[in-house]
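Data block below; observations after.
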Amino acid sequence: MSLFEGIFDPEREAALVTGAGNGIGRAIAQALVGEGVRTVFADVNADTATAAVKSSPRPELGFPWIGDLANSAARDALLAETEATVGRVTHFVHSASPPRREADHAMAVGAETWAQMHAVNLEAGFHLTRALSRKLIAAKEPGSFLLLTSLHAGTPRNLPHYSTAKAGLAMLVKELAKTLGRYNIRVNALVPGAIAAGGFVADPKLAKHIPLGRLGEAKDLAPMALAVLSNRISAYVTGASIVVDGGLSLTNWFEPPELGEL
Ligand SMILES: NC(=O)c1ccc[n+]([C@@H]2O[C@H](COP(=O)([O-])OP(=O)(O)OC[C@H]3O[C@@H](n4cnc5c(N)ncnc54)[C@H](O)[C@@H]3O)[C@@H](O)[C@H]2O)c1
């Protein structure tokens, strides 16, 4: 068999993708389904999650789940319903994140917006990953988890609730990779650049700062995501941050925020 054929084992493997209603999460979930992997498409938006399944290459392998991942009861329900629907999750992708709004700079962001950003990114990322890893450890099965972080896990974005949540996720990837490696559970970060999707209102002028000369698209992320998720291709990759940014990080900077009247 060639290396890139059958990169998953659909008999044994199943996936859960959060934020699968839109953007990068949708592109990855649809690509997994395209590889024959039974996949739960989790999102807070019922319309987009359902539409994402329907427009998948193999809709019969996609299962929408609707709920707010900031809520711990909803996370528990997601885990129970996912197991009932697709069985044990071997591949987990955490892409859900509230949208970023430029107005939410350090002097303006409200407590609720701060809490929601951290709850969806970091708390959901931690609790879901740990719960899924416990099932894999009990079953002595390998697994592969991919958490969406950001270039702004390491450089400020003028959105402190977002950059601190992503910095936390970036460290969570390292903590979990170190702890779970002995069980053959791999944990990696996927780091997008400027991707024209729902979570980022892309200014086309940004393209001139990107060495490859264009903004990214969600579909630019999916092949790399699948490669890192695949235990055949990336069996020896864990704790890594895989940057897919057209070279943006070579030039990445943001002017300090406009504060307006304080
Ligand atoms: N687009 C970019 O340029 C970019 C850059 C760096 C990092 N990222 C990260 O990649 C991931 C995907 O980004 P995107 O641009 O595709 O985002 P997106 O906004 O297009 O998709 C995010 C999805 O998460 C869902 N979501 C939001 N809150 C939720 C909640 N409480 N519970 C369940 N689902 C919820 C949304 O409904 C949406 O479908 C995010 O984690 C984002 O921070 C994106």
Side-chain angles (χ1 to χ4, degrees), residues 16-31 40-53 64-79 81-82 92-102 104 112-113 115-125 127-128 146-155 157 159 161-170 172-173 189-204 206-207 209-210 214-222 224-225 241-246 248-249 252 254:
L16 166 60
V17 181
T18 71
N22 201 56
I24 296 165
R26 177 176 60 194
I28 296 172
Q30 292 186 330
V40 171
F41 288 53
D43 205 287
V44 73
N45 186 321
D47 291 343
T48 59
T50 308
V53 169
W65 178 90
I66 315 305
D68 179 356
L69 293 172
N71 179 304
S72 66
R75 295 195 290 263
D76 290 344
L78 170 62
L79 291 165
E81 289 166 35
T82 296
F92 172 58
V93 179
H94 187 41
S95 188
S97 178
R100 289 86 93 192
R101 279 180 280 270
E102 301 304 324
D104 290 330
E112 206 176 305
T113 303
Q116 182 75 1
M117 185 62 80
H118 278 250
V120 177
N121 276 281
L122 190 52
E123 281 152 45
H127 290 292
L128 291 173
L146 193 58
L147 280 62
L148 271 289
T149 64
S150 168
L151 296 176
H152 299 292
T155 56
R157 170 64 175 84
L159 302 174
H161 57 314
Y162 181 72
S163 56
T164 56
K166 292 303 191 186
L169 262 186
L172 180 65
V173 165
L190 189 64
V191 189
I195 311 301
F200 172 66
V201 181
D203 180 349
L206 192 57
H209 299 296
I210 300 175
R214 65 174 174 88
L215 294 168
E217 298 175 57
K219 66 180 190 209
D220 289 318
L221 275 293
M224 184 59 84
S241 287
I242 315 292
V243 178
V244 181
D245 72 345
L248 174 63
S249 45
N252 191 26
F254 275 75

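Whatever order the structure lists ligands and atoms in, that order sets their numbers, starting from 1.
Of the possible donor and acceptor atoms, none in the side chain of Thr82 sits under 3.5 Å from a partner among the backbone N and O of Leu79. In this structure a side-chain-to-backbone donor-acceptor pair under 3.5 Å is missing from His94 to Thr149. Without hydrogens or angle criteria, Thr48 side chain to Asn22 main chain gives no donor-acceptor distance under 3.5 Å. Under the 3.5 Å distance criterion, the side-chain polar atoms of Gln30 are matched with a main-chain donor or acceptor of Ala52.
Counting heavy atoms closer than 4.0 Å to ligand 1, residue Ala194 contributes backbone atoms (N, CA, C, O) but none from C-beta onward. At a heavy-atom distance under 4.0 Å, no atom of His152 approaches ligand 1. Contacts of Lys166 with ligand 1, taken as heavy-atom pairs under 4.0 Å, involve the side chain alone. If you look at Val44 next to ligand 1, the close heavy atoms, those under 4.0 Å, come from the backbone and the side chain alike. Only side-chain heavy atoms of Gln116 come within less than 4.0 Å of ligand 1; its backbone N, CA, C and O stay farther off.
In summary, the atoms of ligand 1 found under 4.0 Å from a heavy atom of Ser95, numbered by their order in the structure, are 11 (C), 12 (C), 40 (C), 41 (O). The distance from ligand 1 to the heavy atoms of Leu69 drops below 4.0 Å at these ligand atoms: 30 (C), 31 (N), 32 (N), 33 (C). Shown in contact with Gly23 at under 4.0 Å from a heavy atom are these atoms of ligand 1, numbered in order with element: 16 (O), 20 (O). When each atom of ligand 1 is checked for a heavy atom of Gly67 under 4.0 Å away, the hits are 32 (N), 33 (C). Counting atoms of ligand 1 from 1 in the listed order, those under 4.0 Å from a heavy atom of Leu148 are 10 (O), 11 (C), 41 (O).
Within the set Arg157, Met117, Arg100, Glu217, the minimum heavy-atom distance to atom 4 (C) of ligand 1 is found for Arg100. Remark: among candidates Ala96, Ser97, Gly125, the nearest residue to atom 27 (C) of ligand 1 is Ser97, based on non-hydrogen atoms.
Heavy-atom separations between Asn71 and ligand 1 are all 4.0 Å or longer. The closest approach between a heavy atom of Gly193 and any atom of ligand 1 is below 4.0 Å. Distances shorter than 4.0 angstrom occur between a heavy atom of Asp43 and an atom of ligand 1.
Under the 4.5 Å side-chain criterion, counting only non-hydrogen atoms from C-beta, Met117 is not in contact with Leu122. Using a 4.5 Å heavy-atom cutoff, the side chains of Ile28 and Leu190 are in contact. The shortest distance between side-chain heavy atoms of Leu78 and Val40 falls below 4.5 Å. In this structure, Lys166 and Asn121 have side chains that are in contact, with non-hydrogen atoms separated by less than 4.5 Å. Side-chain contact check for Val93 versus Leu148: some heavy-atom pair is nearer than 4.5 Å. Side-chain contact between Thr50 and Phe41 is absent, with no heavy atoms from C-beta onward closer than 4.5 Å. Inter-residue side-chain proximity for Ile66 and Asp43 is flagged as unmet; no heavy-atom pair is nearer than 4.5 Å.
For the pair His94 and ligand 1, the shortest N or O to N or O distance does not fall below 3.5 Å. Residue Asp68 has at least one nitrogen or oxygen atom sitting less than 3.5 Å from a nitrogen or oxygen atom of ligand 1, judged on distance alone. Geometrically, ligand 1 and Gly25 share no nitrogen or oxygen pair separated by less than 3.5 Å. Between Thr48 and ligand 1, a contact under 3.5 Å exists for no N or O pair. Among the atoms of Ile195, some N or O lies under 3.5 angstrom from an N or O of ligand 1. Geometrically, ligand 1 and Ala197 share no nitrogen or oxygen pair separated by less than 3.5 Å.
For the residue pair His118/Thr164, the side-chain donor-acceptor check at 3.5 Å is satisfied.
Remark: Asp220 engages Arg214 in a salt bridge, criterion side-chain N to carboxylate O under 4.0 Å.
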